[in-house]
Amino acid sequence: MSSKPISVLITGANRGLGLEMVKQMVDTQSPLTPLSVLFACCRDPDGPRAEELRALAKKHPDIIKVICMDTADRSSIRQSAEQVGSLLGEKGLNLVINNAAILINSTLVDSTPEDMAKTFNTNVIGPMSVIQEFLPYLRAAAKNSEVPGMSCRKAAVVNVSSIGGLIKNVPFLQELFTAVPYRVSKAALNMLNACAAFEFQKEEILFTVLHPGWVRTDMGTADAPIDCEESIQGVLQVINSMSDKHHGVLTDYEGQTINW
Ligand code: NDP
């Protein structure tokens with residue numbers, strides 16, 4: 001039996017892991033096919049950093065819709081939700097990937113209140129606002145599905161987090177990877193996901209957290225052991241296989257469950 005086409009939205013889709021998700025998702029061999037529409041969101045769609053995304057969208061005009069969204073700005077998120085809503089049918093939105101984030105690499109002594117506020121704004125308040133603004137479309141997708149249980153083909157939010165945000169990792173990561181505002185923000189994102197998972201359990205909207213691995217991107221640096229292609233190949237397989245058992249859970253790009 002062939003699967004129903006799914007609608008997907010990705011934040012921070014113009015470079016790094018977000019762009020790689022777009023690249024791989026439009027490939028007909030992707031585990032998440034068929035797609036009805038892919039909303040590739042970025043804060044400056046006409047700028048130089050979105051050149052590759054614009055070229056991809058030009059090649060796949062029926063699938064990729066480039067949407068302007070600054071995840072640090074609630075009104076921008078609201079406007080993009082209105083735009084996406086006008087393009088979506090009654091079937092709603094199946095999958096939201098909260099991927100956009102920033103990393104400020106400072107120790108606790110060096111971190112300013114501004115560093116912490118800026119990081120929280122993008123990495124925590126951003127995903128929260130995306131969940132809130134796109135909730136009507138996720139709810140529509142959940143109601144529209146005739147399949148019981150949860151999945152990313154029905155209605156789901158994948159929050160891209162990091163093992164750098166795990167309290168249990170502090171002793172062995174602290175020397176290597178200071179980035180205090182970032183790590184605190186990812187711990188908060190994990191909690192946001194846990195709260196959402198509890199709140200939307202009955203509505204069968206899946207809320208899950210994903211660690212993409214340590215990857216060679218602008219954020220991950222050239223020292224990382226894997227490239228975007230390898231990370232996202234794993235990420236898409238894992239997303240496609242998600243079910244009720246991933247609700248409120250952290251999984252890595254290889255499908256391993258990670259304890260908090
Ligand atoms: P990059 O720094 O390479 O890319 C970050 C993306 O987020 C860019 O598209 C950037 O857009 C976007 N972004 C940042 N701020 C905003 C904003 N206010 N509004 C809209 N978009 C914004 O990071 P990665 O691709 O490496 O990371 C992607 C995700 O994976 C993040 O959530 C990160 O925390 C997580 N992760 C990454 C790891 C790694 O090793 N790379 C490890 C663990 C987790 P712009 O071009 O406009 O700045």
Side-chain angles (χ1 to χ4, degrees), residues 6 8-33 35 38-42 49-53 55-56 60 63-64 71 94-103 105 119 122-123 126-127 130 151-153 156-166 169 172-173 176-177 179 182-183 185-187 189-190 193 206-243 246 249-260:
I6 61 167
V8 180
L9 180 141
I10 304 170
T11 67
N14 59 304
R15 63 186 168 96
L17 293 170
L19 179 66
E20 183 66 26
M21 286 182 208
V22 178
K23 273 187 200 163
Q24 291 193 26
M25 278 191 193
V26 290
D27 186 327
T28 49
Q29 302 300 311
S30 157
L32 275 169
T33 52
L35 292 185
L38 173 48
F39 297 107
C41 304
C42 61
R49 287 213 284 212
E51 206 171 310
E52 224 183 316
L53 176 61
L56 256 178
H60 302 274
I63 300 288
I64 302 176
T71 60
N94 301 109
L95 173 61
V96 171
I97 304 180
N98 271 324
N99 166 74
I102 57 166
L103 185 155
N105 200 3
T119 308
T122 307
N123 297 8
V130 167
S151 85
C152 291
R153 294 184 167 273
V157 176
V158 174
N159 291 302
V160 182
S161 192
S162 166
I163 55 164
L166 300 182
N169 283 349
F172 80 91
L173 272 184
L176 265 168
F177 178 50
Y182 174 80
R183 296 175 66 188
S185 76
K186 290 299 188 183
L189 178 65
N190 297 346
N193 186 80
L206 174 65
F207 279 87
T208 194
V209 185
L210 205 99
H211 168 65
W214 181 20
V215 195
R216 290 190 292 275
T217 62
D218 293 339
M219 185 185 288
T221 77
D223 296 334
I226 61 168
D227 62 14
C228 287
E229 194 182 339
E230 182 177 351
S231 164
I232 298 307
Q233 268 172 8
V235 162
L236 296 188
Q237 295 276 8
V238 172
I239 290 179
N240 189 45
S241 71
M242 280 178 167
S243 66
H246 295 89
V249 167
L250 166 64
T251 313
D252 73 7
Y253 74 107
E254 292 180 304
Q256 302 295 322
T257 302
I258 301 173
N259 293 324
W260 303 105

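Numbering starts at 1 and runs along the sequence shown.
Applying the salt bridge (charged side-chain N to carboxylate O under 4.0 Å, His left out) test to every pair with at least one member in residues 212-223, sequence neighbours left out, gives these pairs: Arg15-Asp218.
Under the 4.5 Å side-chain criterion, counting only non-hydrogen atoms from C-beta, Met242 is not in contact with Leu95. When side chains are defined from C-beta on, Cys152 counts as touching Leu206, because their heavy atoms get closer than 4.5 Å. The side-chain heavy atoms of Ile97 and Ile239, taken from C-beta on, include a pair separated by under 4.5 Å. Put simply, the side chain of Leu189 does not reach to within 4.5 Å of the side chain of Asn123, judged on heavy atoms. Side-chain contact between Val215 and Tyr253: absent, with no pair of heavy atoms (C-beta onward) separated by less than 4.5 Å. Counting only heavy atoms from C-beta outward, the side chains of Asn240 and Gln237 never approach each other to under 4.5 Å. Side chains of Leu19 and Leu56 form a contact here, defined as non-hydrogen atoms less than 4.5 Å apart. Side-chain atoms of Ile163 and Trp214, non-hydrogen and from C-beta on, never get closer than 4.5 Å to each other.
Leu236 contributes atom CG, which lies 5.5 Å from atom CG of Leu32 (distance to the nearest 0.5 angstrom). For the atom pair NZ (Lys23) and CD1 (Ile64), the distance works out to 11.0 Å, reported to the nearest 0.5 Å. The OG atom of Ser231 sits 5.0 Å away from atom CG of Leu17, with the distance rounded to the nearest 0.5 Å. Considering CD of Gln233 and OG of Ser30, their distance stands at 10.0 Å, rounded to 0.5 Å. From Leu166, atom CG reaches atom NE2 of His211 across 8.5 Å, with rounding to the nearest 0.5 Å.
A side-chain donor-acceptor contact under 3.5 Å links Thr208 to the backbone of His246. Side-chain atoms of Asn14 never come within 3.5 Å of backbone atoms of Leu53 as a donor-acceptor pair (strictly under, hydrogens ignored).
Exactly one of Asn159, Leu250, Val158, Val157 qualifies for a side chain to side chain contact (heavy atoms under 4.5 Å, CB included) with Asn193. That residue is Asn159.
Nearest approach of Ile102 to Thr119, heavy atoms of both residues: CD1-CA, 3.9 Å. Glu229 approaches Gln24 most closely through the heavy-atom pair O-NE2, 3.1 Å. Annotation for Pro212 and Ser161: closest pair CD-O, 3.5 Å, computed over non-hydrogen atoms.
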